[in-house]
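Atom set for the values below is all heavy atoms of this structure, side chains included, hydrogens, waters and symmetry mates excluded. This one's a predicted model, so the numbers in the text were calculated from it and none came from an experiment.
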Amino acid sequence: VQLVESGGGLVQPGGSLRLSCEASGSIATFYLIDWYRQGPGKARELVARIFSTGETQYGDSVKGRFTISRDNARNTVYLQMNSLKPEDTAVYYCKAVSTAWGQGTQVTVSS
């Protein structure tokens with residue numbers, strides 16, 4: 001199964017974006033799916049995680065602003081990002097344990 005990220009773009013501080021992670025096959029069997037990001041000159045960091053049970057976890061820097069969700073019928077995982085800040089600028093990736101890293105989707109937060 002491959003995961004393909006989309007939905008990135010340029011947004012002003014305080015704005016919102018919704019990222020999508022579409023799988024080429026079923027995601028129903030994935031125990032967990034993660035969203036990571038890598039900003040310029042920074043290490044890759046875990047942003048959000050969703051388990052097959054629906055339980056979610058978030059990095060401290062995005063708690064209260066980002067929401068991860070999954071739609072098994074559409075084989076898609078979403079990342080709703082609100083109250084965006086310039087420091088959220090990064091390439092965002094989705095990843096499951098058995099999948100390869102994709103190309104990611106660029107998010108730029110700037111006025």
Colleague: Between Val107 and Val91, is there a shared hydrophobic cluster once you connect ILVMFWY residues whose side-chain heavy atoms come closer than 4.5 Å?
Modeller: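 Not linked; separate clusters.
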Colleague: Please say yes or no: joined through hydrophobic side-chain contacts below 4.5 Å, possibly via intermediate residues, are Leu46 and Phe51 part of one cluster?
Modeller: no
Colleague: Are Leu10 and Ser110 close enough, and set up right, to give a side chain to side chain contact (heavy atoms under 4.5 Å, CB included), and what steps lead you there?
Modeller: CA-CA 7 Å; Leu10 174 63; Ser110 175; 4.2 Å; yes
Colleague: Would you say Leu17 ends up clustered with Tyr78 if hydrophobic residues are merged whenever their side chains have heavy atoms under 4.5 Å apart, either directly or through other cluster members?
Modeller: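 Tyr78 and Leu17: separate clusters.
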Colleague: Who pairs with Ser111 by side chain to side chain contact (heavy atoms under 4.5 Å, CB included), at least two apart in sequence or on another chain?
Modeller: Pro13
Colleague: Taking the side chain as everything from C-beta on, heavy atoms only, tell me whether Val1 gets closer than 4.5 Å to Asn75.
Modeller: no
Colleague: In terms of hydrophobic clusters joined by side-chain contacts under 4.5 Å, are Phe66 and Tyr93 together?
Modeller: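 As far as the 4.5 Å side-chain criterion goes, Tyr93 and Phe66 are not connected within one cluster.
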Colleague: Heavy atoms only: give me the nearest Asn82-Ser16 pair and the separation to one decimal.
Modeller: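 Heavy-atom minimum between the residues: OD1-OG, 2.9 Å.
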Colleague: A side-chain contact here means heavy atoms from C-beta on lying under 4.5 Å apart; do Leu19 and Glu5 qualify?
Modeller: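 With C-beta onward as the side chain, the pair stays apart.
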Colleague: Please say whether more than 12 non-hydrogen atoms of neighbouring residues, nucleotides or ligands are located less than 6.0 Å from CD in Gln80.
Modeller: yes
Colleague: Name all residues meeting the side chain to side chain contact (heavy atoms under 4.5 Å, CB included) criterion together with Ser6; count only those two or more places apart in sequence or in a different chain, and write none if there are none.
Modeller: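 Ser20.
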Colleague: Compile the donor-acceptor pairs under 3.5 Å between side chains in residues 27-41 and protein atoms, sequence neighbours left out, one pair per line.
Modeller:
unit_1: Asp34; atom_1: OD1; unit_2: Arg49; atom_2: NE; d: 2.6
unit_1: Asp34; atom_1: OD2; unit_2: Arg49; atom_2: NH2; d: 3.1
unit_1: Arg37; atom_1: NE; unit_2: Glu45; atom_2: OE2; d: 2.7
unit_1: Arg37; atom_1: NH1; unit_2: Asp88; atom_2: OD1; d: 2.9
unit_1: Arg37; atom_1: NH1; unit_2: Tyr92; atom_2: OH; d: 3.0
unit_1: Arg37; atom_1: NH2; unit_2: Glu45; atom_2: OE2; d: 3.1
unit_1: Arg37; atom_1: NH2; unit_2: Ser61; atom_2: OG; d: 3.2
unit_1: Gln38; atom_1: NE2; unit_2: Lys42; atom_2: O; d: 3.2

Colleague: Hey, are the side chains of Glu87 and Val109 touching, using non-hydrogen atoms and a 4.5 Å cut-off?
Modeller: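 Side chain of Glu87 against side chain of Val109, heavy atoms only: no contact under 4.5 Å found.
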Colleague: So Lys95 and Cys21, side chain to side chain contact (heavy atoms under 4.5 Å, CB included) or not? Walk me through it.
Modeller: CA-CA 9 Å; Lys95 181 80 168 64; Cys21 170; over 6 Å; no
Colleague: Sub-3.5 Å donor-acceptor pair from the side chain of Tyr58 to the main-chain atoms of Ile68, do we have one?
Modeller: yes
Colleague: Using side-chain heavy atoms (C-beta onward) and a distance below 4.5 Å, is Cys94 in contact with Val77?
Modeller: no
